[in-house]
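Before any comments, here is the structure.
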Amino acid sequence: MGYLGEEIKKLGFGLMRLPQKDGKIDIEQTKEMVDLFLEAGFTYFDTARVYAGSEEAVREALVERYPRERYQLATKNAAWWNCKTREDAIAQFDTSLKLTGAGYFDFYLLHNLGESRTRYFDDFGLWSWVWEKKREGLVRHVGFSFHSTPEELETILTAHPEMEFVQLQINYADWENPAVQSRACYEVARKHGKPVIIMEPVKGGMLATPPASVAEILKRAEPDSSPASWALRFAANLDGVITVLSGMSDLAQMKDNLSRMKNFTRLTQEELSTLSRAQEALRKIPLIPCTKCNYCAKVCPKNIGISDTFSAMNTLTFYGDKERAKRQEKSSVSEKGKAAATDCIKCGRCEQACPQHISIRKELDRAAKEFYGKE
């Protein structure tokens, strides 16, 4: 199904969580992943200024190795990220062009709108500015990514009907989640006739390794299908979807996603019923809905390993094994030079930046108690 004049298959390569080697992006493995992705007939690559090293990596792994017509490249403008003036914000575009070497962007997004972040795009006049870039031929399609309420999405789309598409967080765990409201946001976008790009279909990897009660339901239905493939197919099954972004972190994830999405077909009623049972099982588990976007880390004055702490807390919830969770927290937080939950000064900056609306200070208090015995 093609949208906006582009023929795009349903799987997009999200470059937010690229493979790492010695603390840096593993370019050689990224090249192998890019090659497999293109060989399978997929063409959409998604990066952003705030994904550290991602734009440079896409230049080395993709742009310098393939003709420009072989792929679509998307990047984003985060006007709320270290920008004090309009000039600071629009300078991100020139930096992205330089770092990627792409010449132009097929899709350019105003990044992570919602709540206090939206005002930066309004105050800096970026709605009209991004259309100037389209008229100059430096952008083919303009849209925005969004993390907030359906009511705010309605306000933005009413004020800016010129936007060509919307990128939304959609997965089967968040479909009816009152904090994320995936279904309601999707319905607002479709009401306004906007095609949708889906992000976080596997919820930051959480749905790739779901709790045993969920995994058992999926395994019983399709023994040879991975939990991640179920999450991708749920998202791709929705009407009006341009592509489903998967933040693949190694060759194994790439191969698994390609195996299920290369010949994607709509879900059967039996498959939809299986996912409905998985949703019900998931709703019974009180997980921290962190997707590891790490926007909180970018504003934390104490450099607390927030997302890794939450990942360890979810391990504790999943498996009830405190020693395993404590080892995970130690190896991913203190041994990586990050501050612990006990160092939180309760400034609240993290909660302002969090797209998932997590009560981060409260959850860090809970983690401090579980991992360090702090009351």
Side-chain angles (χ1 to χ4, degrees), residues 16-26 48-54 78 80-82 112 115-117 147 169 173-174 177 179-180 200 202-212 247 249-250 282 285-375:
M16 186 181 192
R17 302 178 180 91
L18 290 173
Q20 300 284 314
K21 184 178 182 180
D22 300 325
K24 297 180 180 179
I25 292 174
D26 184 344
R49 285 290 303 116
V50 298
Y51 305 164
S54 172
W80 41 265
W81 181 52
N82 295 330
N112 191 16
E115 301 175 335
S116 61
R117 300 177 298 277
H147 286 280
Q169 176 175 320
D174 290 328
N177 183 338
V180 182
E200 302 292 358
V202 193
K203 200 170 173 62
M206 185 180 295
L207 299 181
T209 55
S249 300
D250 55 45
L282 200 56
I285 302 171
L287 300 173
I288 302 172
C290 175
T291 67
K292 293 193 173 183
C293 69
N294 285 321
Y295 296 154
C296 56
K298 297 180 188 301
V299 299
C300 177
K302 301 297 287 184
N303 189 35
I304 295 172
I306 298 172
S307 66
D308 289 313
T309 298
F310 289 171
S311 180
M313 286 294 289
N314 282 338
T315 293
L316 178 61
T317 302
F318 277 2
Y319 306 110
D321 187 337
K322 180 174 283 193
E323 289 307 310
R324 174 179 175 177
K326 288 176 74 172
R327 288 195 302 270
Q328 179 181 335
E329 190 272 347
K330 181 180 179 182
S331 65
S332 62
V333 179
S334 60
E335 292 182 0
K336 292 291 180 63
K338 302 172 187 174
T342 50
D343 293 308
C344 179
I345 60 174
K346 306 293 189 296
C347 68
R349 296 179 191 174
C350 53
E351 294 179 7
Q352 295 174 10
C354 179
Q356 309 305 321
H357 315 289
I358 298 169
S359 298
I360 294 176
R361 289 171 289 184
K362 177 181 176 181
E363 295 295 351
L364 286 177
D365 276 344
R366 193 161 66 92
K369 180 179 179 180
E370 292 289 354
F371 297 143
Y372 295 93
K374 182 180 177 180
E375 293 296 336

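The structure presented is a predicted model; accordingly, all values stated were derived computationally and were not measured. What you see below is based on every heavy atom in this structure, not just the backbone, and it leaves out hydrogens, waters and symmetry mates.
- Residues I25 and Q20 have side chains in contact (heavy-atom distance under 4.5 Å, counting atoms from C-beta outward).
- Contact record, K298 with W81: CD-NE1, 3.9 Å, taken as the closest heavy-atom pair.
- Within the model, atoms CD1 of I306 and CG of L364 stand 5.5 Å from one another, a figure rounded to the nearest 0.5 Å.
- Remark: the backbone N or O of V50 is not paired with any side-chain donor or acceptor of S54 at under 3.5 angstrom.
- Side-chain contact between L18 and Y51: absent, with no pair of heavy atoms (C-beta onward) separated by less than 4.5 Å.
- Closest non-hydrogen pair, F371 versus T309, comes out as CE1-O, 4.1 Å.
- Summarising the geometry, atom CG belonging to N303 is positioned 13.0 Å from atom NZ belonging to K336; distances are rounded to the nearest 0.5 Å.
- Counting only distance, with no hydrogens or angles, the side chain of E370 and the backbone of M313 share no donor-acceptor pair below 3.5 Å.
- Rounding to the nearest 0.5 Å gives a distance of 7.5 Å between CD1 of I358 and CD of E363.
- With contacts defined as side-chain heavy-atom distances shorter than 4.5 Å, the pair K322/L316 qualifies.
- A heavy-atom distance below 4.5 Å is found between the side chains of M16 and C293.
- A distance-only check finds no donor-acceptor pair linking the side chain of S311 to the backbone of S307 [under 3.5 Å].
- Side chains of W80 and E115 form no contact here, defined as non-hydrogen atoms less than 4.5 Å apart.
- When every heavy atom of K203 is checked against every heavy atom of L207, the shortest pair comes out as CB-CG, 4.1 Å.
- Listed by chain and number, the residues in a salt bridge (Lys or Arg N to Asp or Glu O under 4.0 Å) with K326 amount to none (sequence neighbours excluded).
- Closest non-hydrogen pair, L282 versus A173, comes out as CD2-CB, 3.3 Å.
- Minimum heavy-atom separation, R117 to C354: NH1-O, 4.5 Å.
- Distance check, rounded to the nearest 0.5 Å: OG1 of T317 to CD1 of I288 gives 6.5 Å.
- For the atom pair K292 NZ and R17 CZ, the distance stands at 8.5 Å (nearest 0.5 Å).
- Atom SG of C296 is separated from atom CD of E351 by 10.5 Å, given to the nearest 0.5 angstrom.
- A 4.5 Å side-chain heavy-atom check between Q169 and T291 finds at least one atom pair inside the cut-off.
- No donor-acceptor pair under 3.5 Å is formed between the side chain of Q356 and the backbone N or O of C290.
- Between R349 and P301 the shortest heavy-atom distance is NH1-CB, 4.0 Å.
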